[in-house]
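Below is one structure, written out as structure tokens; the observations come after it.
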Amino acid sequence: MNKKLFALAIVSAASAASAQSSLTLYGLVDASVESVKAVDTVTRVSSDNLASSRFGLKGTEDLGGGLKAVFNLEAALKTDTGAADSAFFGRQAWVGVNGGFGELRLGRTDSSIGALAGNSSILGAQAYDDFKIGKTLAGDKYRRVDNSITYALPKLVNGLSAQVQYSTKASGGEVAGDKTGRLYGLNVQYAAGAFGAGAAYLEAKANDAGAKEKSALAYLSYDFTGAKVTGYYNRNASGVGLTGARELFGARLDVPLGNAFAMQASVSRARDWNDVRNDADATIVALKGIYSLSKRTSVYALATTVSNDDSSAIAVGGLTGVAGERSSGLAVGMSHKF
């Protein structure tokens with residue numbers, strides 16, 4: 001009898017410990033067949049056109065007193081080759097604690113401005129999206145940052161969230177006496193009912209000669225039930241004195257067609273994109289169609305066209321653009337979450 005009671009006590013203790021912590025393995029696999037064109041045309045199997053392929057681990061542990069330890073490790077991968085994409089846990093690698101005070105994270109994570117730009121339900125920074133095509137600071141160089149201290153404020157008002165962030169070096173390891181790469185940023189978002197709005201700011205030290213990089217982003221959205229409309233504006237500046245600035249502004253329309261199918265259309269304008277004031281603009285038009293086969297699996301079709309002015313040379317799909325020439329991309333693929 002005593003042995004049975006002892007065994008039961010062990011099982012109960014293990015169950016209680018398990019209930020106080022959790023570990024989740026998750027991921028997404030995305031692949032498509034695409035044809036992209038700048039000057040020449042490339043047809044290929046590609047990864048990440050609707051969403052970035054990844055796998056990750058995330059977990060929590062109840063520390064008591066309303067505190068929880070949290071962590072997230074997330075790796076990017078390429079489904080076309082099976083290769084790892086950049087650093088092994090290049091998407092997320094952080095540990096932190098949360099409670100009534102909010103949440104504090106240490107490590108590599110989304111930048112404050114990249115979190116808005118890269119959120120596909122708000123804007124999007126995949127290969128066929130304007131924030132990636134235009135190589136904005138929010139969608140490209142500072143999409144995520146290393147060595148960050150990120151603090152998310154508690155949600156004191158329903159629908160309102162905000163965070164502040166500081167990085168001792170946005171990319172790579174710190175070097176004694178070198179302040180290059182130091183970065184700070186912040187964002188605030190409001191989403192309640194049909195209305196949504198957000199703003200974000202980032203500033204980084206580009207070099208020891210006094211050059212800086214700055215980016216500001218704002219958006220407004222409203223869901224009319226039958227269609228959701230989003231307008232946005234992004235300003236990017238770099239250099240000593242920040243005399244030059246590049247802008248991206250546009251509008252997006254999301255239309256659900258039944259329970260399984262959704263369409264998205266957007267048009268945007270990239271202005272002064274090669275840091276040239278004359279004829280350095282481009283117009284980016286994108287269409288997306290997504291059909292959900294289940295809660296986890298979707299098939300999709302994407303089409304994007306870039307019309308460059310004489311001094312603009314941006315292109316779809318990571319190709320090298322040519323000033324004044326059009327670029328386009330068409331992709332058909334499948335995405336599965338697990």
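At a threshold of 4.5 Å between side-chain heavy atoms, the hydrophobic network of Ile, Leu, Val, Met, Phe, Trp and Tyr places Phe55 and Met334 in two separate groups. Linking ILVMFWY side-chain heavy atoms closer than 4.5 Å, directly or via other members, places Leu153 and Leu106 in a single hydrophobic cluster. In the hydrophobic clustering of ILVMFWY residues, with side-chain heavy atoms under 4.5 Å counting as a link, Phe101 and Val70 come out apart. A single hydrophobic cluster is seen to contain both Leu253 and Leu257, as judged by linkage of ILVMFWY side chains at heavy-atom distances under 4.5 Å, directly or through other members. A single hydrophobic cluster is not seen to contain both Leu160 and Tyr201; linkage of ILVMFWY side chains at heavy-atom distances under 4.5 Å, directly or through other members, places them apart.
Atom CG of Asp85 is separated from atom OG of Ser52 by 8.0 Å, given to the nearest 0.5 angstrom. The CG atom of Asp80 sits 9.0 Å away from atom CD of Glu34, with the distance rounded to the nearest 0.5 Å. If you take NZ on Lys141 and OG1 on Thr136, they are separated by 12.5 Å, rounding to the nearest 0.5 Å. For the atom pair Asp30 CG and Leu50 CG, the distance stands at 5.5 Å (nearest 0.5 Å). In this structure, Lys58 NZ and Leu25 CG are separated by 10.5 Å, a value rounded to the nearest 0.5 Å. Considering CG of Leu330 and OG1 of Thr41, their distance stands at 11.5 Å, rounded to 0.5 Å.
The shortest side-chain heavy-atom distance between Gln264 and Ile290 does not fall under the 4.5 Å cut-off. The shortest side-chain heavy-atom distance between Leu104 and Ile149 falls under the 4.5 Å cut-off. Residues Ser120 and Gln126 have side chains not in contact (no heavy-atom distance under 4.5 Å, counting atoms from C-beta outward). When side chains are defined from C-beta on, Gln165 counts as touching Leu183, because their heavy atoms get closer than 4.5 Å. Phe249 has its side chain out of reach of Arg235: every pair of non-hydrogen atoms, C-beta onward, lies at least 4.5 Å apart. Counting heavy atoms from C-beta outward, Tyr151 and Tyr166 have side chains that stay 4.5 Å or more apart. With contacts defined as side-chain heavy-atom distances shorter than 4.5 Å, the pair Asn72/Arg105 does not qualify. Two residues are said to be in side-chain contact when any heavy atoms from C-beta on lie closer than 4.5 Å; Leu73 and Phe88 fail this criterion.
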* To do: Applying side-chain hydrogen bond (donor to acceptor under 3.5 Å, both in side chains), run through Thr180 and Asn207 and close with a yes or a no.
  => CA-CA 5 Å; Thr180 301; Asn207 59 43; over 6 Å; no

* Asked: What do the steps show when you test Leu186 against Tyr184 for side-chain contact (heavy atoms from CB on, under 4.5 Å), and what is the final call?
  -> CA-CA 7 Å; Leu186 56 89; Tyr184 66 86; 5.8 Å; no

* Just do the side-chain contact (heavy atoms from CB on, under 4.5 Å) check on Tyr232 and Ser268 with the steps written out, would you? => CA-CA 9 Å; Tyr232 51 95; Ser268 61; 3.7 Å; yes

* Decide yes or no on side-chain hydrogen bond (donor to acceptor under 3.5 Å, both in side chains) for Asn234 and Ser215, but give the supporting numbers first. => CA-CA 7 Å; Asn234 178 223; Ser215 184; 3.2 Å; yes

* Asked: side-chain contact (heavy atoms from CB on, under 4.5 Å) between His336 and Arg296: does it pass, once the steps are laid out?
  -> CA-CA 6 Å; His336 173 76; Arg296 297 189 298 169; 4.1 Å; yes

* Carefully, step by step, assess Asp130 and Arg252 under the rule salt bridge (Lys or Arg N to Asp or Glu O under 4.0 Å). => CA-CA 11 Å; Asp130 49 6; Arg252 175 173 135 177; over 6 Å; no

* Would you check, one step at a time, whether the test side-chain contact (heavy atoms from CB on, under 4.5 Å) holds for Tyr233 with Leu220? => CA-CA 9 Å; Tyr233 173 80; Leu220 290 172; over 6 Å; no

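Of all non-hydrogen atoms in Arg44 and Gly317, the two that sit nearest each other are NH2-O, 2.9 Å. In terms of heavy atoms, Val36 sits closest to Gly329 at CG1-CA, 4.0 Å. Looking at every heavy atom in both residues, Thr79 comes nearest to Ser53 through CG2-OG, 3.3 Å. Shortest non-hydrogen contact noted between Thr168 and Arg182 is O-CG, 3.4 Å. Heavy-atom minimum distance, Val306 versus Ala282: CG1-CB, 4.2 Å. Closest approach of Ala227 to Val255, counting heavy atoms only: CB-CG2, 4.1 Å.
Using a cut-off of 4.0 Å between Lys/Arg side-chain N and Asp/Glu carboxylate O, Arg144 and Asp110 are scored as salt-bridged. Between Asp129 and Lys288 there is a salt bridge, since a side-chain N of the basic residue sits under 4.0 Å from a carboxylate O of the acidic one. For the pair Arg108 and Asp146, the salt-bridge criterion is met [side-chain N within less than 4.0 Å of a carboxylate O].
More than 12 heavy atoms of other shown residues, nucleotides or ligands fall within 6.0 angstrom of atom NZ in Lys205. A 6.0 Å sphere centred on NZ of Lys37 holds no more than 12 heavy atoms belonging to other residues, nucleotides or ligands. Atom NZ of Lys337 sits in a sparse spot, with 12 or fewer heavy atoms from other residues, nucleotides or ligands closer than 6.0 Å.
Side-chain N or O atoms of Arg143 include one that pairs as donor or acceptor with a backbone N or O of Gly114 at under 3.5 Å. A donor-acceptor pair under 3.5 Å is absent between the side-chain atoms of Ser148 and the main chain of Thr150, judged by distance alone. Side-chain atoms of Asp223 do not come within 3.5 Å of backbone N or O of Gly193 as any donor-acceptor pair.
Considering Leu116, Asp140, Leu123 as possible partners of Phe131, the one that fulfils the side-chain contact (heavy atoms from CB on, under 4.5 Å) test is Leu123.
Note: Tyr300 and Tyr128 fail the aromatic proximity criterion, with ring centroids not under 6.0 Å apart.
Ring geometry for Phe261 versus Tyr291: interplanar angle of 30 to 60°, hence tilted.
For the residue pair Glu213/Ser238, the side-chain donor-acceptor check at 3.5 Å is not satisfied. No donor-acceptor contact under 3.5 angstrom links the side chains of Asn308 and Glu325, judged on distance only. The closest side-chain donor-acceptor pair between Asn98 and Glu103 falls under 3.5 angstrom. The closest side-chain donor-acceptor pair between Ser312 and Asp281, if any, does not fall under 3.5 angstrom. For the 3.5 Å distance criterion, the side chains of Ser335 and Ser298 fail to qualify, holding no donor opposite an acceptor. For the 3.5 Å distance criterion, the side chains of Asn119 and Tyr219 fail to qualify, holding no donor opposite an acceptor.
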